[in-house]
Amino acid sequence: SQSVVSTSTFPEISWTTVIDSDRYELWVNNITTGESQVIYETNLQTTSFAAAPANLSGGTYRAWTRAVAPDGMAGLWSNPTTFTVLNAPQNITPSGSTFDRTPEIRWSPVVGASHYSVWLTLRNPGEEAVPVLVDRFVTDTLIVPDTDLEDGRYVVWVQAISEDATESAWSAGSEFTIGGRPEILTPTESAVTSATPTFLWSGITGAERYEVWIHRMVMDVPQSRVVYDANVLVASFTVQTPLEAGSYRVWVRAISEMGE
């Protein structure tokens with residue numbers, strides 16, 4: 001048939017029986033990428049095929065089948081059937097930390113999707129997760145919260161939905177933090193460094209500057225501040241005066257343009 005159907009996984013392909021046939025051939029093209037014969041089977045003994053490779057990507061496909069007689073004479077190819085496999089949405093942003101309390105949540109378009117479902121949850125460690133935005137009919141590939149989000153850690157998921165209400169799998173959760181809390185990337189916890197270490201941390205969207213604070217530690221208790229810089233303009237800092245041998249702890253704080 002010529003009908004177009006949507007499915008969240010690669011579907012079973014089936015066809016009618018042809019009397020006196022010895023076997024069937026199946027040909028499938030990926031219309032989205034233009035790749036021919038992503039599936040090409042020449043010795044099928046049944047009138048269905050469901051062993052498509054699991055790594056076939058989402059997109060629109062077109063399939064034909066034909067019967068082959070015992071003497072090897074092939075019949076005509078069937079009329080094509082066209083179907084769309086829905087991928088889970090990808091490339092979801094934001095990620096990391098931001099001072100923007102109404103951040104744009106974006107994702108890449110999914111072939112075959114007519115709209116999307118978005119689920120945003122406040123998920124602070126040690127606290128019960130709280131849904132703060134649930135929209136099941138987003139027709140664009142972005143959504144902006146209607147109200148300011150409070151400080152905290154968030155996870156957002158997106159799902160593609162076709163016109164016939166077929167749903168893709170949910171995307172992987174994309175985590176982000178409101179309130180601009182940097183994450184120190186290097187050196188790692190308990191690492192041994194030179195006397196003039198360089199600290200790198202995750203940059204914060206909307207940060208005007210950073211404060212860096214280093215304490216000398218004794219028995220895991222802060223004893224004295226040895227380094228303080230309140231006007232670091234990039235997401236890295238190198239100690240200029242060599243530190244004495246010992247244990248130290250570093251804190252980094254982002255300051256927004258509004259002084260948050």
Side-chain angles (χ1 to χ4, degrees), residues 1-93 105-119 121 134-143 155-175:
S1 76
Q2 298 289 337
S3 62
V4 177
V5 296
S6 297
T7 174
S8 59
T9 58
F10 203 94
E12 178 179 275
I13 302 171
S14 60
W15 52 91
T16 57
T17 301
V18 176
I19 297 174
D20 295 330
S21 63
D22 177 64
R23 55 188 171 87
Y24 298 92
E25 295 181 356
L26 175 67
W27 184 318
V28 181
N29 290 350
N30 186 325
I31 304 304
T32 300
T33 64
E35 184 180 358
S36 179
Q37 293 186 348
V38 292
I39 298 174
Y40 183 54
E41 298 288 337
T42 61
N43 191 32
L44 297 174
Q45 300 299 312
T46 63
T47 56
S48 65
F49 179 80
N55 62 351
L56 281 176
S57 62
T60 299
Y61 294 83
R62 185 164 294 151
W64 300 261
T65 186
R66 68 179 177 181
V68 180
D71 63 1
M73 180 173 291
L76 297 176
W77 286 103
S78 67
N79 290 326
T81 184
T82 304
F83 55 93
T84 297
V85 177
L86 292 177
N87 267 337
Q90 298 179 359
N91 302 320
I92 299 171
T93 59
I105 299 170
R106 291 180 173 270
W107 55 93
S108 297
V110 174
V111 174
S114 65
H115 60 283
Y116 302 88
S117 185
V118 177
W119 189 291
T121 296
V134 178
D135 194 326
R136 303 185 187 279
F137 203 89
V138 181
T139 56
D140 204 345
T141 55
L142 71 87
I143 187 172
V155 184
V156 60
W157 297 266
V158 183
Q159 181 185 56
I161 304 172
S162 68
E163 288 187 359
D164 65 2
T166 298
E167 299 175 342
S168 75
W170 284 95
S171 69
S174 179
E175 299 185 10

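Considering only heavy atoms from C-beta on, V111 stays 4.5 Å or farther from N87 through its side chain. In this structure, the side chains of V110 and S168 stay at 4.5 Å or more apart for every pair of heavy atoms.
Partners of W77 under the ring pair (Phe, Tyr, Trp, His ring centres under 6.0 Å) rule, at least two apart in sequence or in another chain, are W27. A search for side-chain hydrogen bond (donor to acceptor under 3.5 Å, both in side chains) contacts involving N91 returns S108, not counting sequence neighbours.
Interatomic distance, CD of E25 versus CG of N43, reported as 9.0 Å (0.5 Å rounding). Note that CD1 of I92 is 13.5 Å distant from CZ of R106, once rounded to the nearest 0.5 Å. A distance of 12.0 Å separates CG of D135 from CH2 of W119, quoted to the nearest 0.5 Å. To the nearest 0.5 Å, atoms OH (Y116) and CD1 (I161) are separated by 10.0 Å. Note that the OG1 atom of T121 and the CD atom of E175 stand 11.0 Å from one another [nearest 0.5 Å]. Between the CD1 atom of I105 and the OG1 atom of T141 there is a distance of 12.5 Å, given to the nearest 0.5 Å.
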Donor-acceptor pairs under 3.5 Å, side chain of residues 10-22 to any protein atom, not counting sequence neighbours: which ones?
residue	atom	partner	partner atom	Å
S21	OG	V18	O	2.8
S21	OG	Y24	OH	3.0

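Contact between E41 and I39 at its shortest, heavy atoms only, is CG-CG2, 4.0 Å. Nearest heavy-atom pair, Y61 versus I31, reported as atom, atom and distance to 0.1 Å: C-CG1, 4.1 Å. Scanning all heavy atoms of the two residues, the minimum distance from T166 to D164 falls at OG1-OD1, 2.9 Å.
The backbone N or O of T32 sits less than 3.5 Å from a side-chain atom of N30, completing a donor-acceptor pair. At distances below 3.5 Å, at least one donor-acceptor pair connects side-chain atoms of S78 with backbone N or O atoms of T65.
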Next on the checklist: Working note: W107 + V156, criterion side chain to side chain contact (heavy atoms under 4.5 Å, CB included); need CA distance, chi angles, decisive distance, verdict.
Outcome noted: CA-CA 11 Å; W107 55 93; V156 60; over 6 Å; no

